Amino acid sequence: MVKLYGAPTVSTCTRLVALILKEKNMPYELIQVNMAKSEHKAASFTAIQPFGEVPYIDDDGFILYESRAIARYLIKKYPNQGTPLIPSDPKAQALFEQAASVEVFNFTNFVQPIVFEKVFKPRFGLQPNEERVGELLKTLQEKLDVYEVILSKQKYLAGDFLTLADLFHLPYGTVFYTNGFAEVFDSRPNLARWWKDISNRPAWLAVKDGA
């Protein structure tokens with residue numbers, strides 16, 4: 001059984017790995033890492049994950065960190081179990097990789113710092129930088145206009161089939177959506193349709209509040 005070391009209630013990356021494990025119908029053992037007590041910075045932890053971050057997995061002695069790498073590994077190790085998520089056809093796989101790059105550079109690069117400013121900073125009693133939020137949101141809106149065009153022509157970002165690229169949006173996208181930014185998605189009908197689809201997948205509903 002895969003062991004998942006992480007902090008699902010505070011770590012979006014831990015929730016991503018838990019999501020993929022659920023999509024692949026893989027049983028796993030969650031080992032909670034108490035980040036409030038800096039367990040992820042302890043020598044015993046950094047001996048395994050040298051950057052002192054969560055999550056990492058132990059798959060029968062095979063250690064792997066970085067949530068995106070873990071997700072790809074699990075999908076490729078069990079291609080015929082659960083939801084496929086990464087196509088095997090070269091052209092379809094290229095479209096998946098294209099969509100995965102779109103997510104990083106046109107979505108998460110903007111949503112993540114907005115979430116940091118508007119959600120995480122206030123939790124520590126810090127004031128968000130509203131000017132920075134405004135700048136990021138303006139660019140994100142432009143990027144999502146392109147998403148709207150893409151999704152007007154196909155069901156998902158890589159075509160008419162769900163892939164890992166779609167699911168990559170869920171951890172940060174959900175925090176963004178549920179903390180005052182729902183209209184950013186809902187004002188674009190094709191984006192809203194896509195978001196409703198992926199955010200209501202049973203695997204995500206099972207882990208979104210903690211794996």
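Quantities reported herein were computed from a predicted structural model and do not represent experimental measurements.
- With respect to the salt-bridge test (charged N to carboxylate O, under 4.0 angstrom), the residues K3 and D59 do not qualify.
- The residues D209 and R15 are annotated as not salt-bridged, no charged nitrogen and carboxylate oxygen being separated by less than 4.0 angstrom.
- Residues F96 and F161 keep their aromatic ring centres 6.0 Å or farther apart.
- The minimum heavy-atom distance between Y28 and A18, with the atom names listed, is OH-CB, 3.7 Å.
- P27 and N25 make their closest contact through CD-O, 3.7 Å (heavy atoms, listed as atom of the first residue, atom of the second, distance).
- Look at R72 and E97 and you find a salt bridge, because one of the NZ, NE, NH1 or NH2 atoms lies within 4.0 Å of a carboxylate O, short of that distance.
- Cation-pi contact between R188 and Y147: absent, since separation from the ring centre below 6.0 Å together with deviation from the ring axis within 45° is not met.
- In plain terms, the two heavy atoms of P55 and I70 that are nearest each other are O-CD1, 4.2 Å.
- V102 is not listed as a side-chain neighbour of F107, based on a closest heavy-atom distance of 4.5 Å or more.
- No more than 12 heavy atoms of other residues, nucleotides or ligands sit less than 6.0 Å from atom CZ of R132.
- Between the OH atom of Y156 and the CG atom of L151 there is a distance of 10.5 Å, given to the nearest 0.5 Å.
- Side chains of R68 and V104 form a contact here, defined as non-hydrogen atoms less than 4.5 Å apart.
- Of the options F51, Y5, Y56, a ring-ring contact (aromatic ring centres under 6.0 Å, His included) to F45 is made by Y56 and by none of the others.
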